[in-house]
Amino acid sequence: MPVLKLAIPTPLRTLFDYLPPDNVEAEALKPGVRLHVPFGKRQVTGYLVELSADSKLGQSALKQATALLDSGPLLSPGVLALCNWATHYYQHPPGEVFQAAFPKAMRQGRAHRSNDEAGWELSNRGKGLPSGALARSPKQALALKMLQDSKQLGTNSLKQAGIQSPILKTLQDKGLIQRCEINHGDSAAAIGEALNPSAEQAKVLAGMRANDRGFSCHLVEGVTGSGKTEIYLQRIADCLERGDQALVLIPEIGLTPQTLARFNSRFRAEIAVLHSGLSDAQRYRAWEAARSGSAHIVIGTRSAVFTSLARPGLIVVDEEHDQSFKQQDGFRYSARDVAVKRAQLEGCPIILGSATPSLESLHNALQGRYIHHRLRERAGSSQLPTLEAVDIRKSPLQAGFSPALLQAIEHSLQNRQQVLLFLNRRGYAPTLQCHDCGWVAECPACDARLTLHRKQRRLRCHHCGTTRPVLQRCPQCRSDQLLSLGLGTEQAEEWLAHHLSQWPLYRVDSDSMQGRESMQTLVDQINRGDPCILLGTQMLTKGHHFPAVSLVGVIDMDAMLFSTDFRGEERAAQLLTQVAGRAGRADTPGRVLLQTHHPDHPTLMAMLTQNYHQQALSMLERRCQSALPPAGQLLIARSDCTDAEYGEQFLGKLRAAAQAQLPTGITMIGPLPAPMQRRAGRFRSQLLVHTAERRLSRLAAKVLVELAQQQSVSRGLNWSLDVDPQDMF
Ligand code: ADP
Ligand code: ZN
Ligand code: ZN
């Protein structure tokens, strides 16, 4: 008998050896099946990764698996290979990586079942009945008519029509109907008419179709509204025509009902949707539809990249620059990077699309690793907006609004146009301070201030969720002179509602928009085109087009200009371009006003005088000069602990041990406190590792993880390794 090497959900970075369960044929043990195994005192679900002739421990030391759970692998070969790759690339515990590829019920070791549904059809005798038969029993007649019309129907559909089990039982006893399985897997997708591509789109499509065999990676850099989605739709049509499945990844809150409606109106096909708002049962159905091949199109957020597909034919990553593709805790992967690897393993094309591509993808395109396509013009005749800085130094501000911006707002509204105001800070004010003694309301658990939320009468920490009632008096000097400093969306809303009260005002941030429906109702309202003011955070910039918006006001441009992160400038350029891109149509070209105290700031100058592509090229050049990603590689080893010194000591020892083993060409910086050292009561430290070559970065990751695992830790210290970190926090 072979030895089974299993991925087991534990924090240990190793596979575990087991003997096969009794009475199982060797042929049934294929990588990708699940087994129940004893682990410590528990029974857990393990995933078979590989078979081996022997174990280092010796066969006699091995425990036996309790049971084989699946008759065949539930993971596709591509996803199996992908999980193995991710385990090594991210140096993450294999059990946790494999868990990402399964829905909850499968992780819990429950039996696999297909989406096929129990249903009913007419028997041969039933087929002989004329239409309108059984008229004396209306329910029976209805059941008969429904089955005559649809051939087969699920028990649930019949029940929804008011036909309960006793009626079905009666018809069965009469020999008129019989049970059947309704199989969702066989229908071919029907493809609706495509738009006539513009010359630019036609060129991109031709370029993609010329590379239709096997893996190729395409970066579509196209300004907002240039018709990228139309290109995805046409490429998905090509994929479905071959009988293959398409996987579409979208940012966390980018999947709007409009997007889905666009897919549904183009394709009469089964579309499986995977996002964080689903119940476990819905998620299971979507996963199973993808895995079994019944779904033609799978649309999902980050974690959908690990969904098995029966016939993978195309992967699309929309808004590929979006930060929500990077998982920020636990298994810290980038779904975009994993998607590219997956396309390679599956041997299928992948499209990365964005108006503001990440410097990583742009770099790969410029180096010739990706095929670079550009769409420079908007589809139809709409134009891109113009950008202007508004110097607010010395200007009298009211709730952050300068006279120049207010005048422009009123002018647009009076011309029956819509206005979008961007302020990336929710709540009423970011600071509450005592005017008499200087005390500031701070989070007791984080190195951060509490944000004032006035309507809720709470002080809230946006980092750990701590909330406090709003104080009436300073806890330090008992003064009642408490000032709110700084501006959040709630305050801007209050002021606008008071001073521009004749116009409808909608606030869009994660406090005001709870649930998908509220956003949709709002978008429908706005798309009627009546004049209104839209005020919101970056939530406004994802997935939505607001064609009737003619003016965009960026209330606090300076908040975007100053960042300690080396990616700050890239983020600012992306965010601004995305905000600006919401505006403008043919008859009313948009205007974007940027309020700033720093009209000469070089980043701002670049934004005003260059398009995103030009800015990206010069940012990339600076990154290359300093060997920062994408020109060099970064890793961060992190620790968090209730004891600040202990965490730093741990990383210090790790550094010393690694230094002795690693070749030259690897620079380590730290350990240093994280930019926000204390969060949710834990002190965070980090050790930054920089390499110029990818080979060295992978070696460093491996060595660091091995050494960290060898160190014994106490005092509840957690450590982790972040490969290709996105944020330095
Ligand atoms: P993007 O994804 O780049 O933002 P979309 O694909 O959503 O762009 O296109 C923007 C708008 O232009 C949509 O309303 C779309 O229906 C329209 N559009 C795109 N391509 C064409 C085309 N070839 N002909 C006519 N309209 C188009
Ligand atoms: Zn005070
Ligand atoms: Zn906090």
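First listed ligand is number 1; within each ligand, the first listed atom is number 1. As the structure is a prediction and not an experimental result, all values here were calculated from the model.
- Atoms of ligand 1 lying under 4.0 Å from at least one heavy atom of Gly227, given by number and element, are 1 (P), 3 (O), 5 (P), 6 (O), 8 (O), 9 (O), 19 (C).
- When each atom of ligand 1 is checked for a heavy atom of Asn196 under 4.0 Å away, the hits are 22 (C), 23 (N), 24 (N).
- More than 12 heavy atoms of other residues, nucleotides or ligands sit less than 6.0 Å from atom CZ of Arg242.
- Centred on the Zn ion (ligand 2), the angle running from Cys474 (SG) to Cys434 (SG) is recorded as 110°, rounding to 10°.
- The Zn ion (ligand 2) has no N, O or S atom of His435 under 2.8 Å away, backbone or side chain.
- When only interatomic distances are considered, the shortest N/O to N/O separation between Gly225 and ligand 1 falls below 3.5 Å.
- Using cut-offs of 30° and 60° on the angle between ring planes, the pair His613 and His372 is tilted.
- Evaluated by nearest non-hydrogen atom to atom 7 (O) of ligand 1, the leading choice among Arg262, Glu200, Glu230, Lys228 is Arg262.
- Contacts with ligand 1 closer than 4.0 Å are made by side-chain heavy atoms of Leu195 only, the backbone lying farther away.
- Contacts between Pro197 and ligand 1, counted as non-hydrogen atom pairs separated by less than 4.0 Å, involve the backbone only.
- Both the sub-6.0 Å distance and the 45° axial angle are not jointly satisfied by Arg336 relative to the ring of Phe325.
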**Residues Arg638, Asp722; criterion salt bridge (charged side-chain N to carboxylate O under 4.0 Å, His left out); working and verdict** = CA-CA 8 Å; Arg638 295 196 169 91; Asp722 194 348; 2.9 Å; yes

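- The backbone N or O of Leu205 lies less than 3.5 Å from no partner atom in the side chain of Gln234, so there is not a single donor-acceptor pair.
- Looking only at distances, a side-chain donor or acceptor of Asp509 sits under 3.5 Å from a matching main-chain atom of Asp511.
- The closest approach between any non-hydrogen atom of Ser198 and ligand 1 is below 4.0 Å.
- With 2.8 Å as the limit, His463 does not count as an N, O or S neighbour of the Zn ion (ligand 3).
- Between Arg591 and Glu388 a salt bridge is recorded (basic side-chain N to carboxylate O distance below 4.0 Å).
- Remark: side-chain polar atoms of Gln201 are not paired, donor with acceptor, to backbone N or O of Glu230 under 3.5 angstrom.
- Expressed to the nearest 10°, the angle at the Zn ion (ligand 3) joining SG in Cys461 with SG in Cys464 is 110°.
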